[in-house]
Amino acid sequence: MSHKGIGASIPRKEDERFLKGRGEYVGDLFRPGLLEVAFVRSPHAHARILGITRPIKGIVYTAADLAAVPPIRAQINLPGYRATEQPILADRKVLFVGQSVAMCLAKSRALAEDLSEEVGVDYEELPPVLDVADALRPDAPRLHEDRPDNLLSVLNAEAPIDAIAAAAPVHVTRHYTNARQAMAPLEGRAILAEWNDRADQLVVHVGHQNPHVFRAALAIALNLEERRIRIIAPDIGGGFGYKAPAYPEEIAVCWAAMKLHRPVRWIEDRFEHLTAGASAREISGTVHAHADAEGRILALDVDFAVNIGAYSFWPHTGAFEAVQAIGIIPGPYRIRHYRARSKTVLTNKPPQTPYRAVARPAACFMMELTIDAVARAVGKEPHEVRALNLVSAAEMPYASITGKLYDSGDYPASLRSALSAIDLPAWRLKQAAPRADGRAIGVGIAMYTEHTGISTNTFGTMGIALMPGYEQANARLTPDGDIEVAMGVQNHGQGMETTMAQVASEVLGIDPGRVRLLHGDTGLTPYSTGTYASRAMVMNGGAVAAACERLAERMRPLAAHLMQCAAHEVGFSGGRATGPGGATVGFGEIGRLWYKTPNELPPGVDPAGLDVTAGYRPEDDRGAFSYSTHVAVVAVDRDFGSVEILDYVVADDCGTRVNPMIVDGQVLGGTAQGIGTALYEECLFDASGQPKSVTLADYILPGPTEIPAIRLLPTETPSPKTRFGIKGVGEGGAIAPAPALLNAINDALRADGVELGAAPATPDRILAAIEIARGARAGAAP
Amino acid sequence: MPDIRLSVNGEAIEESAEARLTLADLLRERLHLTATHLGCEQGVCGACTVLVDGVPVRSCIRFAAACDGQAVQSLEGLEHDPVMEALRAAFTRHHALQCGYCTPGMLIMARDVVLRLPDADPARIRLEMSGNLCRCTGYLGIIEAIHAVILARRG
Amino acid sequence: MKPAPFTYHRAASLEQAVALLAQGGGDTAVLSGGQSLGPMMNLRAARPSQLVDIGRLEALRGISVAEGHVRIGALSTHAAIEDGAVSGPLGRVLARVAAGIAYRAVRNAGTIGGSLAHADPAADWPAALLALDARIHLRGPGGDRAVAIDAFLAGAFETAKAADEVIVAVDVPALGPTARFGYVKFCRKPGEFAEALGAVLYDPGSAQARVVVGATGSRARRLPAAEAGLAAGLSPAAADIAALLAPVLGNPSALVLKRQTAAVHRALQEVLTDA
Ligand SMILES: Cc1cc2nc3c(=O)[nH]c(=O)nc-3n(C[C@H](O)[C@H](O)[C@H](O)COP(=O)(O)OP(=O)(O)OC[C@H]3O[C@@H](n4cnc5c(N)ncnc54)[C@H](O)[C@@H]3O)c2cc1C
């Protein structure tokens with residue numbers, strides 16, 4: 001057997017079913033007597049519900065029916081945070097367009113929608129608050145009338161930086177905004193819930209990234225013991241964070257399945273997703289950087305606001321974005337004086353929830369555009385200013401000003417590698433030469449370091465409902481000599497059915513093809529907080545290795561017995577147990593001995609069997625930091641305001657790569673989403689809070705013509721903290737494209753006097769910036 | 001309720017259905033052929049693409065009643081199609097899928113490109129595939145896989 | 001979302017289709033490719049109570065060449081035109097326009113007649129066919145009539161077609177050997193509807209010149225002053241085009257004006273430079 005363990009780019013085991021159209025998503029499940037759900041949703045951003053009229057016929061539920069179901073309430077131990085209460089179906093007020101007000105059930109979705117049109121809801125419209133400034137005005141209408149204002153939380157990292165800032169020779173101030181986005185997995189949320197009397201369980205098939213955590217949410221909502229809930233997350237058509245929280249609709253569906261004792265299904269459609277689910281990335285802020293004349297940043301002062309929408313979501317809470325951003329804004333740079341202040345603000349928009357890399361794209365955006373602004377101020381190339389400020393390899397491990405420990409890596413080398421691949425001097429020449437098509441060329445850089453495998457240490461003090469800790473996996477030998485591994489994370493595109501088998505292969509020397517992975521089912525797997533925060537490979541990879549090692553210990557005496565050698569002489573390779581003098585015995589033999597012919601076992605054998613659960617947590621679990629440099633080259637059409645990406649390079653380091661092909665796929669896919677953030681994706685609302693981008697014709701997802709052939713330059717600096725040196729990679733790609741592309745656009749339009757600080761850089765924004773700069777020049781002219 | 005007679009993956013089908021039943025819902029909800037996925041119901045994302053009388057169409061915006069007498073092929077019916085076999089192998093080799101949700105529509109469209117445009121280069125393939133959205137891969141593997149099949153067929 | 005309920009009729013003949021439309025009143029709709037109706041009905045934004053499917057009518061199919069023009073059956077799909085169903089220089093122009101509409105799987109179903117009847121202000125065919133001086137053939141309860149496209153296009157989603165009329169075919173004048181066509185569609189990504197659109201036909205041989213701006217928010221419009229200049233072989237400056245466009249576009253924002261100016265300007269440059 002050629003090496004198929006850690007480091008091998010073997011093809012994915014899960015591909016075959018998808019390539020034959022045999023994946024099993026929630027929408028592919030059918031049940032006799034199935035009822036489908038359509039929700040009656042609020043047409044107003046802010047209104048009081050005066051009354052609801054039900055149709056004469058048909059199954060319709062409102063808040064009154066769900067009186068026993070408590071509202072969603074998410075707690076976090078942060079000063080100045082107060083939880084919101086989100087009703088499962090709106091009762092007194094609606095706080096965003098698309099909020100669920102009533103639930104209609106019928107034999108088909110079409111019939112359920114017909115029924116929903118017959119529900120009459122009487123509203124008294126209230127003035128909506130949509131942006132942060134509006135929401136913070138003293139006389140602003142309050143969303144939650146039991147609160148003194150529209151603040152969800154205030155989180156500050158105070159430090160005495162004023163003296164240093166004042167003494168610095170160079171000052172740069174910039175304002176930044178990141179638009180609200182939808183996460184837009186191609187499959188929406190989906191759930192089929194049914195009561196199983198034999199198991200005495202509510203069995204819930206749901207597209208959820210964190211089945212065990214979702215079970216806890218349902219237990220609270222339905223007042224049901226966790227043993228009486230089984231969550232099965234089958235194939236999922238993309239998650240990206242969208243399928244990690246507990247939302248009201250899923251809870252309502254489960255409630256109805258219990259109430260009616262019938263299977264009930266709800267499939268979120270694209271319209272629902274782009275209205276009620278428009279929920280990520282809306283952060284704006286001001287950065288003051290104080291630097292020396294060379295461009296060394298002496299002090300950084302940041303003030304930002306998160307437009308969190310109407311409610312704080314369960315389990316992380318809406319305050320979590322600010323926590324993440326404050327911790328990582330200084331990024332890979334040696335910044336020793338830092339102050340950050342943040343407000344998380346409630347508005348009449350859908351509740352914002354974490355999207356791939358949570359607030360880090362906005363944090364990186366603020367930092368990286370500021371670096372370029374400093375470079376302009378000191379008259380240097382942006383890469384020179386970066387090089388000056390980057391934490392060096394010699395400084396590793398590096399304690400950041402926010403208390404994070406950057407475990408390992410060579411950030412300057414990453415920058416050099418990306419730059420040499422792009423050939424900056426050549427682009428600078430092309431940039432200076434006039435082009436036949438009149439387009440302006442620009443090059444932009446962005447770098448980040450990303451806290452992955454976040455676990456107890458990070459969350460410990462926050463007291464949130466989801467507290468990652470010791471990850472477990474179960475491994476067992478089947479009677480015919482293969483391996484089954486059960487894990488509590490959920491695989492939805494990350495390739496874990498392959499990579500976790502590669503970990504097992506690494507430990508046991510067995511072909512990954514003979515390792516079956518069970519996941520996404522609370523009935524079959526050990527507890528896990530699930531798949532999010534770039535943690536699955538780090539944490540669950542370690543757990544699978546631990547379980548396989550413990551299994552190996554159990555197998556060793558049996559193999560020794562079969563080969564008539566000592567247990568310590570037994571090794572594992574080539575899918576067999578090996579002994580002295582070239583003796584080998586197949587796993588099938590071991591399985592046969594244990595399960596089928598135990599009469600042959602020697603006396604005194606350990607009766608524990610070939611089925612073990614073991615756990616993992618890095619001894620120092622402060623996380624492993626992946627890092628990356630993105631460099632983009634763009635051509636900007638000054639008449640249309642459109643941007644073409646001419647080249648895009650990613651120099652990425654996520655430590656040991658279990659399957660380089662899959663890692664590349666994660667980086668490419670993350671980068672593609674980041675390009676959407678940078679140039680295309682924006683949930684627009686009108687002044688009354690009506691969403692305007694409600695189909696994929698209006699909400700533009702980048703397609704094959706918008707994403708270039710991204711060039712990857714991977715390096716591997718194993719983490720000294722984690723098993724195998726793995727760092728997380730699931731989110732990273734999405735962090736840097738917006739700043740890289742905005743920096744490139746600003747570089748291209750430098751002669752026009754344009755410096756954009758708002759993403760996405762849509763044609764409208766670019767043209768408007770050009771026009772404003774032209775006007776400013778004209779106005780300034782004598 | 002129109003009675004619809006059509007062939008699906010070579011099999012004669014007779015269904016009576018509400019006029020509003022789309023081809024996608026006929027395949028999925030009635031025939032339980034679930035390779036065909038719904039991603040937007042607006043004809044934009046391409047996940048629901050199937051062949052009707054041999055050419056790719058969006059099954060989400062085509063009424064089943066309008067397909068009376070026609071021959072529909074979904075991914076299930078192309079399992080042994082030689083081009084599809086080559087595409088499947090290439091998709092795996094080039095890591096052209098992650099969550100798998102867009103994959104059936106992607107493959108149906110890719111097959112059309114391979115057969116219709118034997119000279120397509122990667123830029124043309126990108127343009128031809130522009131009506132099929134993938135949220136996971138960043139498209140590179142998809143484009144490379146299709147190109148590889150085109151090159152292999154050129155010999 | 002799923003469509004609201006409706007009844008479905010497959011028309012056996014053009015006569016029957018027209019009769020059904022006449023009986024059905026305002027909320028009966030013709031169904032051709034369904035590529036505009038389908039999306040709208042899936043949002044319940046369109047809720048016809050009855051669909052009359054004309055998709056199989058032979059009378060609306062086919063492409064024929066007559067004296068001086070090509071007759072394109074209303075059911076001709078964008079894909080068929082893209083693939084060269086119309087031959088010669090005109091065919092190449094039409095193929096280019098068709099190839100820029102939507103995506104292949106949509107083009108395989110969407111029809112030229114449906115696009116004209118739908119009259120989306122940002123659509124391709126209305127603007128392109130206005131530049132090409134097409135005539136629309138209609139059949140109604142009162143019989144046949146033909147309308148010049150300039151008179152056919154009335155506004156956003158509005159045409160001169162009565163609710164009980166069916167588009168049967170489109171006549172497009174053949175192009176002379178010296179004719180040139182410029183077409184610039186600005187959209188966010190391939191397959192999207194236009195945000196700015198310039199279409200120009202120029203035949204120095206016959207001094208024929210038509211300059212059209214599309215994606216106006218209303219109907220596509222000709223720019224007579226630009227046409228006069230072009231007929232004289234003049235290349236107008238961007239500022240002049242902007243001045244012509246501003247009244248046609250009815251108080252456009254600076255951004256819209258800039259983009260539309262660029263689209264028309266580039267389309268003009270295309271016909272004037274690729275001699
Ligand atoms: C994803 C997507 C992208 C698109 N992008 C573009 C684009 O870039 N540019 C563009 O121009 N279009 C675009 N379209 C629209 C497409 O071109 C449609 O095919 C076309 O507008 C309608 O043609 P149809 O045959 O499908 O008409 P249908 O949807 O069947 O009908 C449309 C309307 O016309 C009426 N009608 C249809 N045929 C006739 C007839 N013969 N006589 C009288 N009335 C009739 C119908 O009653 C209905 O009101 C796009 C569509 C989709 C789904």
Side-chain angles (χ1 to χ4, degrees), chain A residues 9 11-12 14-25 27-30 108-110 183-188 235-240 267 269-271 492-495 661-662 664-673 675-676 695-697 701-710 733, chain B residues 18 20-21 25 28-29 32-47 74-76 78-79 84 87-89 91-105 107-108 122-123 125-144:
Chain A
S9 283
R12 298 199 322 167
E14 48 266 70
D15 282 358
E16 183 170 348
R17 68 177 182 275
F18 297 125
L19 288 164
K20 291 186 173 167
R22 294 183 191 160
E24 186 185 63
Y25 305 88
D28 302 342
L29 304 173
F30 305 95
S108 72
R109 173 68 181 239
M183 296 181 228
L186 265 212
E187 179 205 36
D235 287 324
I236 301 181
F240 317 121
I267 312 284
D269 69 21
R270 189 59 53 190
F271 181 76
H492 46 280
Q494 297 87 348
M661 176 192 82
I662 287 176
D664 288 353
Q666 292 295 305
V667 176
L668 289 170
T671 305
Q673 291 188 358
I675 290 172
T695 71
L696 289 186
L701 294 179
T705 41
E706 285 64 59
I707 305 301
I710 296 159
Chain B
E18 270 194 298
R20 61 173 153 176
L21 188 76
D25 281 342
R28 294 182 48 79
E29 305 291 322
H32 295 181
L33 293 169
T34 54
T36 302
H37 294 151
L38 288 174
C40 76
E41 294 178 288
Q42 291 288 306
V44 180
C45 81
S74 62
L75 188 66
E76 287 97 338
L78 294 163
E79 184 165 344
M84 204 53 98
L87 280 167
R88 284 204 302 266
F91 265 54
T92 276
R93 223 169 30 245
H94 292 271
H95 191 26
L97 65 153
Q98 288 182 24
C99 80
Y101 199 79
C102 74
T103 307
L107 285 169
I108 298 263
I125 296 168
R126 282 182 183 271
L127 186 63
E128 293 291 329
M129 297 302 293
S130 63
N132 287 72
L133 297 176
C134 168
R135 193 59 160 162
C136 296
T137 63
Y139 301 102
L140 189 57
I142 295 169
I143 304 306
E144 286 176 349

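Every chain is numbered from 1, with letters handed out A, B, ... down the list of sequences. Bear in mind that the values here come from a model prediction, so they are computed numbers and not experimental data.
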Best-contacting candidate, [options], against chain B by heavy atom pairs under 4.5 angstrom:
| options | answer |
| --- | --- |
| A/Glu16, A/Arg270, A/Arg22, A/Glu24 | A/Arg270 |
| A/Ala110, A/Pro11, A/Gly495 | A/Ala110 |
| A/Lys20, A/Gln494, A/Gln666 | A/Lys20 |
| A/Gly23, A/Ala672, A/Ser9, A/Gly237 | A/Gly237 |
| A/Ala709, A/Ala184, A/Pro185 | A/Ala184 |
| A/Glu14, A/Arg17, A/Met183 | A/Met183 |

Going through the distances and angles, do B/His32 and A/Asp28 end up as a side chain to side chain contact (heavy atoms under 4.5 Å, CB included)?
-> CA-CA 8 Å; B/His32 295 181; A/Asp28 302 342; over 6 Å; no
Sequence neighbours excluded, the answer for salt bridge (Lys or Arg N to Asp or Glu O under 4.0 Å) partners of A/Arg12 is A/Asp15
### Message
Under a 3.5 Å distance rule, please check whether B/Arg126 uses its side chain to pair with a backbone N or O of A/Ile707 as donor and acceptor.
### Response
yes
Interface check, chain A: of B/Gly46, B/Pro104, B/Cys102, B/Cys40, most non-hydrogen pairs under 4.5 Å belong to B/Cys40
Evaluate the side chain to side chain contact (heavy atoms under 4.5 Å, CB included) criterion for residues B/Leu38 and B/Asp25: first the C-alpha distance (whole Å), next the side-chain angles of each, then the deciding distance (0.1 Å), finally the verdict. CA-CA 9 Å; B/Leu38 288 174; B/Asp25 281 342; 3.7 Å; yes
Residue set satisfying ring pair (Phe, Tyr, Trp, His ring centres under 6.0 Å) with B/Tyr139, at least two apart, ordered chain then number -> none
ask   = For the residue pair A/Phe18 and A/Tyr25, does the interplanar ring angle fall in the parallel (under 30°), tilted (30 to 60°) or perpendicular (over 60°) class?
value = tilted
